[in-house]
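Nothing here was measured: the structure is a model prediction, and the numbers come from that model.
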Amino acid sequence: MSANKFVCIFKALGDSTRLQIVQMLSGGEMCACKILEQFEITQPTLSHHMKILCESEIVTVRKEGKWSYYSLSCEVFSEFQQFVSELKCCKEKI
């Protein structure tokens, strides 16, 4: 995964609402209507947040009739988790 892709994901997760949505989706696929119930935001605002999460490719959408179902992209999320887990803090001076 490129550095630009990681930047896109970090930017997407840099908003508290989007971070909460990702936490919710870690429990499995959810309908947009169920996500919306958890926030005091409008449907267009939720759509904006979901667009950003989908553009970062950390979240995928599945359409079924008029409903949209969102889930984490396991492949992208795993690569992101691995990247973050490999970050180290080194206190030695160079």
Side-chain angles (χ1 to χ4, degrees):
M1 189 178 291
S2 72
N4 287 339
K5 180 49 107 183
F6 289 123
V7 168
C8 185
I9 293 171
F10 277 115
K11 284 182 178 180
L13 297 178
D15 177 89
S16 63
T17 299
R18 291 192 291 270
L19 187 57
Q20 289 175 57
I21 291 169
V22 167
Q23 288 175 317
M24 291 168 61
L25 294 176
S26 69
E29 182 181 74
M30 291 185 75
C31 177
C33 59
K34 294 295 181 188
I35 296 170
L36 188 59
E37 289 175 0
Q38 303 300 312
F39 299 97
E40 292 184 16
I41 58 175
T42 64
Q43 188 279 325
T45 300
L46 177 64
S47 291
H48 172 75
H49 287 302
M50 299 315 295
K51 179 179 182 228
I52 291 170
L53 288 169
C54 288
E55 286 175 348
S56 76
E57 298 180 10
I58 199 165
V59 170
T60 60
V61 62
R62 176 179 66 84
K63 302 271 187 179
E64 191 173 299
K66 65 178 184 171
W67 303 106
S68 295
Y69 294 87
Y70 294 95
S71 59
L72 290 179
S73 170
C74 291
E75 182 179 333
V76 173
F77 193 74
S78 292
E79 286 183 58
F80 180 71
Q81 281 182 305
Q82 182 178 349
F83 172 78
V84 171
S85 71
E86 290 174 359
L87 296 174
K88 306 273 189 255
C89 179
C90 182
K91 295 187 180 205
E92 292 184 28
K93 295 182 181 178
I94 297 176

For this session: Nearest 0.5 Å please: distance from the CD atom of Q23 over to the CG atom of L72.
Result: 10.5 Å

For this session: Show your reasoning for whether side-chain contact (heavy atoms from CB on, under 4.5 Å) applies to S71 and L25.
Result: CA-CA 6 Å; S71 59; L25 294 176; 5.6 Å; no

For this session: Please collect all ring pair (Phe, Tyr, Trp, His ring centres under 6.0 Å) contacts where either partner lies in residues 36-80, sequence neighbours excluded, each pair once.
Result: F10-F80

Seminar exercise, completed: CD of E79 to CD of E57, rounded to nearest 0.5 Å, is 10.0 Å

For this session: Identify the two heavy atoms, one from K34 and one from M24, that lie closest to each other, and give their separation to 0.1 Å.
Result: O-CE, 4.4 Å

Exercise. How far does OG1 of T60 sit from CE of M50, to the nearest 0.5 angstrom?
Worked result: 9.0 Å

Exercise. Can V59 be reached from V7 by stepping across I, L, V, M, F, W or Y side chains whose heavy atoms are under 4.5 Å apart?
Worked result: no

For this session: Show your reasoning for whether side-chain contact (heavy atoms from CB on, under 4.5 Å) applies to I58 and L13.
Result: CA-CA 10 Å; I58 199 165; L13 297 178; 4.3 Å; yes

Exercise. Nearest 0.5 Å, what's the CD-OG distance between E75 and S78?
Worked result: 8.0 Å

Problem set entry | Contacts of type salt bridge (Lys or Arg N to Asp or Glu O under 4.0 Å), residue K51, not counting sequence neighbours | E55

Exercise. With a 4.5 Å limit on heavy-atom distance, are the side chains of Q20 and Q38 in contact?
Worked result: no

Seminar exercise, completed: Residues passing the side-chain contact (heavy atoms from CB on, under 4.5 Å) test with L36, sequence neighbours excluded, are I41, Q43, L46

For this session: Side-chain contact test, heavy atoms from C-beta onward, threshold under 4.5 Å: evaluate it for V76 versus I9 and give yes or no.
Result: yes

